[in-house]
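See structure below.
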Protein chains: 2
Amino acid sequence: MPKLIKTGTGEKLTRQREAVLGVIREREDHPTANDIFEAARRRLPGISYATVYNSLRFLREAGLVHEIKFGDSASRYDRETDRHDHALCSQCGKLVDFDLPQAAELMKAAARRSKFKPESVHLTLKGVCPDCCA
Amino acid sequence: MPKLIKTGTGEKLTRQREAVLGVIREREDHPTANDIFEAARRRLPGISYATVYNSLRFLREAGLVHEIKFGDSASRYDRETDRHDHALCSQCGKLVDFDLPQAAELMKAAARRSKFKPESVHLTLKGVCPDCCA
DNA sequence: TTGAGATTTAGACTAACTCTAAATCATAGG
DNA sequence: CCTATGATTTAGAGTTAGTCTAAATCTCAA
């Protein structure tokens, strides 16, 4: 069902990789590698920690999952692979996806200012989420 | 000379903290904690690794330095404490500061989309720096 | 001069990965 | 059906960046 973008010899969507992808796809939130390891172990009891990391790298390079790195603590993984931005709640730590429609112009403006040849932009909003505001 | 923003009992700009601040202030680039440790040791030979980290936390909380965390590898420190954005070269890894004048509106737009009460925005451009472009 | 609190120090510890080498698996050729 | 070649997985050791701890040292007001 999932289309592999990545080609090259011997890069298959194995049982383990499928389990990891399944875990990420069925979750609404943004699990860490460790969360994924625990959930994947429920589907495939023998799966190892290293394999989860290997699978995450494979899936990321294949464009099937998106890795979010804030410097704080562990990377989080996201089933949403289209370009988008993140809002991080300063109270509860919740991470929410959103998309800024003006992203393309934004990238151009940032490129003009920095003199870089642009490849991608990512915006992070820090603030208080609706739940914590209430 | 540096104004302490942070007050509260017993939070002094000690010799060690001043050395750390001095290292950051005299550099054009964005050193890691380890770079800072090595440079600070040249000024204050006995300074310990832990003290550099303690000082960096102190200086950050006092608003005297800015910490940049990309998920990749170590945090970097920046003498520029005003709000600004970063461009990261995908070829050579160089990190450059720039400022987007429309940041305030941007924050509002992001807040609208995400429904968060905004506190700060940060934008990261990935691309190729002028040196690598040439 | 003293002593209470702040700060520094060395080094142990931790979290989050990454690496390694041996075992296992998948499959194309015989 | 066998086999062997390369890809993949595994357990566990290693690494990196940073935090913690407890003892030593410093500072300064009383």
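Excluded from the calculations below are hydrogen atoms, water molecules and symmetry mates; all remaining heavy atoms, backbone and side chain alike, are included. Residue numbering restarts at 1 for every chain, and letters A, B, ... go by the order of the sequence lines.
In this model, the phosphate group of dC25(C) is not approached by any side-chain N or O of Gln16(A) to a distance below 4.0 Å at OP1 or OP2. Considering only side-chain N and O atoms, Thr14(A) lies under 4.0 angstrom from the phosphate OP1 or OP2 of dT9(D). Of the side-chain N and O atoms in Arg17(B), one or more sit less than 4.0 angstrom from OP1 or OP2 of dT8(C).
As judged by a 4.0 angstrom heavy-atom cut-off over every strand, Thr51(B) is placed among the base-contacting residues.
Phe116(A) and Gly127(B) get closest at one heavy-atom pair: CD2-C, 3.9 Å. The heavy-atom pair separating Val23(B) from Arg27(B) by the smallest distance is O-CG, 3.2 Å.
Taking atom CG of Leu59(A) as the reference point, atom P of dT8(D) lies 12 Å away to the nearest angstrom. The distance between atom CG of Leu44(B) and atom C1' of dC26(D), rounded to the nearest whole Å, is 14 Å. Going from atom CZ of Phe37(B) over to atom P of dG11(C) covers 12 Å, rounded to whole Å. The distance between atom CG of Leu13(A) and atom C1' of dT8(D), rounded to the nearest whole Å, is 13 Å. In this structure, the CG atom of Leu56(B) is 12 Å from the P atom of dT8(C), given to the nearest Å. Atom pair Ile47(B):CD1 and dT7(C):P shows a separation of 14 Å (rounding to whole Å applied). If you measure from atom CZ of Arg41(B) to atom P of dA10(C), you get 10 Å, rounded to the nearest angstrom.
Without hydrogens or angle criteria, Arg83(A) side chain to Val121(A) main chain gives a donor-acceptor distance under 3.5 Å. In terms of modelled atom types and a separation under 3.5 Å, the side chain of Arg17(A) and the main chain of Leu59(A) share no donor-acceptor contact.
With sequence neighbours left out, Arg15(B) forms a salt bridge (Lys or Arg N to Asp or Glu O under 4.0 Å) with no residue at all.
Remark: of the listed residues Glu26(B), His30(B), Glu28(B), Glu28(B) is the sole one forming a side-chain contact (heavy atoms from CB on, under 4.5 Å) with Arg79(B).
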Write down the protein N/O and nucleotide N/O pairs, taken from nucleotides 17-22 of chain C, whose separation is under 3.5 Å; answer none if there are no such pairs.
residue : atom : partner  : partner atom : Å
dC17(C) : OP2  : Ser75(A) : N            : 3.4
dC17(C) : O5'  : Tyr53(A) : OH           : 2.7

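Side-chain atoms of Arg25(B) and Leu64(B), non-hydrogen and from C-beta on, do get closer than 4.5 Å to each other.
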